[in-house]
Structures are given as structure tokens and as C-alpha cells.
Amino acid sequence: MDELFTYLLQFGSLNPRQLDLIASKATPLALPRDAYFLEAGQVSRRVGFLLEGVLRICYYNNQGQEITRNFIDEHHLTTNLRGLEDGLASAEYVQAVTDCRLLVFTKPDWDELAHTIVGWREMVHQMTTRHLHEKLARISPMVSQDATTRYREFLANYPQLANRIPLSYLASFLGMTQSSLSRIRRNIR
């Protein structure tokens with residue numbers, strides 16, 4: 001629970017009673033490797049805080065190819081905001097890349113926190129904004145870079161993820177084939 005509190009306190013102040021309320025709403029969840037936190041077609045009804053492990057967000061393109069769009073590592077929230085707030089079905093999957101441990105809040109509990117804790121909505125807005133900036137920082141340079149540069153930058157910026165992600169997922173995220181990624185890895189060693 002301390003990891004969650006440390007994360008939340010970056011975005012605002014919370015008193016001990018508020019922290020106790022948050023702790024009372026969090027349910028531990030063990031998600032085994034390859035299991036789904038959310039599947040395409042489902043409406044998101046929970047918010048997860050990743051304590052341990054790596055999740056990936058993926059989808060299938062119109063040719064039926066699986067595309068990894070993003071990775072989520074420890075001490076980040078995961079949900080489908082459009083589904084949670086607007087009741088829309090997700091077009092993407094959130095899948096465990098490794099065995100994961102999360103703290104999970106149901107939608108009713110998450111909504112109760114918003115109605116009970118003064119400033120909660122602003123904190124959530126700040127969390128969402130930070131996540132968006134992190135995602136853009138991860139994805140934006142890939143548009144104009146060659147494959148080797150994309151891989152090198154991924155290693156430089158996310159060394160903690162590189163050895164935890166299967167090559168097929170990493171290749172998909174970087175926009176290349178697994179054989180191209182293997183060749184690049186051989187050439188830069």
C-alpha cells in the first residue's frame with residue numbers, strides 16, 4: 001500500500017483518514033502472465049495500480065496483426081478511461097507480460113473516492129496528464145527515427161523494461177518485425 005500512497009502523494013495532499021479510505025477500497029489482484037486485465041469489447045469497470053510486473057496495451061489491426069501500443073510498468077495506474085467514464089467498450093486489450101500484482105478499485109469505489117475526497121478529481125486529472133506526457137515521450141520520437149535508433153532509444157530510456165518484455169512484443173511496439181529486431185540487437189552488441 002505504501003507504493004500507492006507514495007504515488008498518490010505526488011499529485012496532492014491526503015490526510016490519514018483519506019489514506020485509510022483509499023486503502024479500504026483497494027483489493028489485491030494477482031494477474032498471471034498472459035492473463036488479461038481488460039479485453040477488447042469489454043467496458044472497463046475497474047482501475048488498477050501496478051505494484052509489480054509489466055502490462056501491455058495491444059490491439060489487432062485490420063489485417064489481423066497484433067500490435068503492441070504501449071507498456072505499463074510498476075507504480076502506474078491502468079484503466080480504459082473512456083470506458084470507465086463513458087461506459088464505452090474498449091478497443092484494446094490490457095495483458096500481463098509478466099506475473100503481476102495490482103491493487104484494484106472497482107468503478108463504484110473509484111467514484112466514491114471522487115465524491116468523498118476533496119481534490120480527488122484534480123489529482124486524477126494530474127495523474128492522467130502525466131501519463132499522457134510519458135506516453136507521448138515514449139511514442140513521439142519513433143515516428144521519424146530509423147529502426148536501430150528507435151531500439152537504442154528504447155534501451156536508453158527504459159532499460160528496466162528491455163529484458164522483461166518478449167522480443168515479439170518489443171518489435172511490435174517499435175514498429176518492426178521480430179527478425180529485424182534480432183538483427184539490430186546482433187549488430188549493436
Side-chain angles (χ1 to χ4, degrees), residues 1-4 7 25-85 87-110 127-128 130-132 134-139 142 147 150-186:
M1 197 64 62
D2 290 340
E3 297 101 325
L4 174 61
Y7 176 78
K25 302 298 180 186
T27 304
L29 172 68
L31 193 65
R33 182 176 158 228
D34 296 329
Y36 292 99
F37 182 76
L38 177 67
E39 293 188 53
Q42 291 180 333
V43 175
S44 181
R45 303 207 185 285
R46 58 189 181 169
V47 176
F49 178 76
L50 189 57
L51 295 168
E52 183 179 303
V54 178
L55 298 168
R56 75 179 180 126
I57 300 171
C58 61
Y59 65 94
Y60 289 90
N61 67 14
N62 55 7
Q63 287 90 35
Q65 298 167 312
E66 185 180 82
I67 307 295
T68 297
R69 186 177 63 75
N70 205 1
F71 295 104
I72 302 166
D73 59 357
E74 287 89 354
H75 307 142
H76 287 91
L77 292 173
T78 184
T79 192
N80 178 294
L81 278 178
R82 290 185 60 204
L84 193 70
E85 293 175 358
L88 300 175
S90 176
E92 300 176 317
Y93 298 84
V94 179
Q95 182 183 30
V97 174
T98 64
D99 290 339
C100 295
R101 286 187 321 107
L102 299 100
L103 293 174
V104 177
F105 299 88
T106 64
K107 179 174 176 18
D109 287 341
W110 191 256
M127 291 177 229
T128 305
R130 179 186 288 176
H131 174 71
L132 179 60
E134 289 172 355
K135 185 168 79 172
L136 289 174
R138 187 178 285 184
I139 295 171
M142 293 196 323
R150 288 195 305 267
Y151 177 65
R152 284 180 192 253
E153 287 211 4
F154 183 86
L155 289 178
N157 294 325
Y158 308 100
Q160 73 282 6
L161 286 178
N163 292 325
R164 299 170 69 191
I165 300 169
L167 285 183
S168 60
Y169 297 165
L170 183 54
S172 173
F173 173 73
L174 294 172
M176 62 183 82
T177 65
Q178 189 172 342
S179 60
S180 294
L181 179 56
S182 294
R183 188 172 44 257
I184 290 167
R185 287 168 48 109
R186 270 192 313 273

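Keep in mind it's a predicted model, so treat the numbers as computed, not measured.
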For the student: nearest non-hydrogen atoms of [X] and [Y], plus distance:
{"X": "Ile165", "Y": "Leu170", "result": "CG2-N, 3.8 Å"}
{"X": "Leu84", "Y": "Lys107", "result": "O-CE, 2.9 Å"}
{"X": "Val43", "Y": "Gly83", "result": "CG1-O, 3.6 Å"}
{"X": "Arg69", "Y": "Tyr59", "result": "CB-CE2, 4.2 Å"}
{"X": "Leu181", "Y": "Ala171", "result": "CD2-N, 3.7 Å"}

Checklist entry - Passes side chain to side chain contact (heavy atoms under 4.5 Å, CB included), Ser168 versus Gln178? Steps please. => result CA-CA 5 Å; Ser168 60; Gln178 189 172 342; 3.3 Å; yes
Next on the checklist: Test of understanding: with salt bridge (charged side-chain N to carboxylate O under 4.0 Å, His left out), list the residues that count as partners of Glu3, not counting sequence neighbours.
Outcome noted: none
Side-chain atoms of residues 25-40: list all donor-acceptor pairs with protein atoms under 3.5 Å, sequence neighbours left out, distances to 0.1 Å.
{"unit_1": "Lys25", "atom_1": "NZ", "unit_2": "Glu112", "atom_2": "OE1", "d": "3.1"}
{"unit_1": "Lys25", "atom_1": "NZ", "unit_2": "Glu112", "atom_2": "OE2", "d": "3.3"}

Next on the checklist: Please tell me whether Phe173 and Phe71 form a close aromatic pair, meaning their ring centres lie under 6.0 Å apart.
Outcome noted: yes
Between [X] (side chain) and [Y] (backbone), is there a donor-acceptor pair under 3.5 Å?
{"X": "Thr68", "Y": "Cys58", "value": "no"}
{"X": "Ser180", "Y": "Met176", "value": "no"}
{"X": "Thr98", "Y": "Val54", "value": "yes"}
{"X": "Asn157", "Y": "Glu153", "value": "yes"}
{"X": "Ser44", "Y": "Arg46", "value": "yes"}

Checklist entry - Are Glu74 and Arg164 within salt-bridge range, i.e. N to O under 4.0 Å? => result yes
Checklist entry - Any Lys/Arg nitrogen of Glu92 or Arg82 sitting under 4.0 Å from an Asp/Glu carboxylate oxygen of the other? => result no
Item to check | Working for side chain to side chain contact (heavy atoms under 4.5 Å, CB included), residues Val47 and Val104 | outcome: CA-CA 6 Å; Val47 176; Val104 177; over 6 Å; no
Checklist entry - Please walk me through it: do Ile57 and Tyr93 pass side chain to side chain contact (heavy atoms under 4.5 Å, CB included)? => result CA-CA 6 Å; Ile57 300 171; Tyr93 298 84; over 6 Å; no
Next on the checklist: Does Asn163 have more than 12 heavy atoms from other residues, nucleotides or ligands lying within 6.0 Å of its CG?
Outcome noted: no
Can you find a heavy atom in the side chain of [X] that is under 4.5 Å from one in the side chain of [Y]?
{"X": "Tyr158", "Y": "Asp73", "value": "no"}
{"X": "Phe105", "Y": "Leu4", "value": "yes"}
{"X": "Gln95", "Y": "Tyr169", "value": "yes"}
{"X": "Leu102", "Y": "Leu51", "value": "no"}

Next on the checklist: ring pair (Phe, Tyr, Trp, His ring centres under 6.0 Å) for Phe49 and Tyr7? Distances and angles first, verdict last.
Outcome noted: CA-CA 10 Å; Phe49 178 76; Tyr7 176 78; 5.3 Å; yes
